[in-house]
Amino acid sequence: QVQLVESGGGLVQPGGSLRLSCTTSPYILNYYSIGWFRQVPGKEREGVSCISSSDGSPSYRDSVKGRFTISRDKAKNTVYLQMNSLRPEDTAVYYCAAVYLDSCPGTDIATSLIDSWGQGTQVTVSS
């Protein structure tokens with residue numbers, strides 16, 4: 001099974017920044033797109049961002065456009081989610097996932113297209 005490991009979560013004040021990391025294998029980065037998702041208790045998991053394996057093109061949900069940036073470093077086998085201008089409503093457990101497609105279908109990704117999930121990392125935005 002594909003293994004993905006997230007890190008970088010924590011507590012930050014509104015307006016602050018965090019960078020999440022998702023480390024996986026070289027094979028996964030070459031052949032799977034990587035998505036970032038988040039979930040709060042009592043709500044469905046939602047897609048936040050995705051980076052296509054084919055050309056590295058990004059996708060973002062509307063509420064994070066202009067604030068979050070997804071990128072990848074193949075030398076480090078890692079996908080990053082840089083989160084700036086954080087808001088309390090960004091508070092959630094963030095997960096990365098390997099998506100079967102080589103091109104992201106936006107951020108509304110069906111669960112059936114997910115091969116594996118990371119364990120999640122908590123992001124809390126609060127003063």
Side-chain angles (χ1 to χ4, degrees):
Q1 190 174 7
V2 172
Q3 185 174 19
L4 305 101
V5 179
E6 301 103 333
S7 61
L11 172 64
V12 64
Q13 292 186 343
S17 298
L18 282 175
R19 188 179 75 163
L20 305 184
S21 300
C22 175
T23 301
T24 185
S25 70
Y27 178 83
I28 294 305
L29 278 188
N30 282 328
Y31 296 106
Y32 289 72
S33 296
I34 301 296
W36 282 99
F37 300 78
R38 64 188 181 188
Q39 188 170 25
V40 298
K43 293 188 176 181
E44 291 190 358
R45 195 173 300 186
E46 62 182 21
V48 175
S49 185
C50 185
I51 187 164
S52 297
S53 62
S54 57
D55 60 2
S57 58
S59 300
Y60 302 97
R61 71 179 299 110
D62 287 345
S63 62
V64 307
K65 284 181 180 177
R67 300 189 297 124
F68 290 12
T69 303
I70 192 170
S71 63
R72 65 184 179 185
D73 185 338
K74 288 191 173 183
K76 296 183 177 180
N77 301 321
T78 299
V79 172
Y80 301 100
L81 185 68
Q82 177 67 43
M83 306 186 295
N84 299 329
S85 302
L86 282 162
R87 305 167 180 169
E89 54 264 38
D90 294 318
T91 296
V93 178
Y94 283 71
Y95 301 86
C96 64
V99 182
Y100 281 115
L101 305 176
D102 62 1
S103 182
C104 297
T107 57
D108 187 15
I109 302 170
T111 303
S112 60
L113 295 176
I114 304 297
D115 179 273
S116 294
W117 296 92
Q119 82 285 358
T121 185
Q122 176 70 46
V123 171
T124 302
V125 185
S126 175
S127 56

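As the structure is a prediction and not an experimental result, all values here were calculated from the model.
Side chain of D90 to main chain of R87: a donor-acceptor pair is present (N/O by atom type, distance under 3.5 Å, no hydrogens or angles). Judged by distance alone, with hydrogens and angles left aside, the side-chain atoms of T91 form a donor-acceptor pair with the main-chain N or O of V125 at under 3.5 Å. In this structure a side-chain-to-backbone donor-acceptor pair under 3.5 Å is missing from Y95 to E6. R72 contributes a side-chain N or O that, together with a main-chain N or O of S53, makes up a donor-acceptor pair within less than 3.5 Å.
Within 6.0 Å of CD in E44 there are 12 or fewer heavy atoms belonging to other residues, nucleotides or ligands. Surrounding CG of D108 are at most 12 heavy atoms belonging to other residues, nucleotides or ligands under 6.0 Å away.
Contact between G47 and F37 at its shortest, heavy atoms only, is CA-CD2, 3.5 Å. Nearest heavy atoms, L86 versus R67: CA-NH1, 3.9 Å.
Aromatic ring centres of W36 and F68 lie farther apart than the 6.0 Å criterion allows.
Listed by chain and number, the residues in a side-chain hydrogen bond (donor to acceptor under 3.5 Å, both in side chains) with K65 are D62 (sequence neighbours excluded).
Using modelled atom types, one finds a donor on one side chain and an acceptor on the other under 3.5 Å when comparing T23 with T78. A donor-acceptor pair shorter than 3.5 Å can be found between the side chains of S17 and N84.
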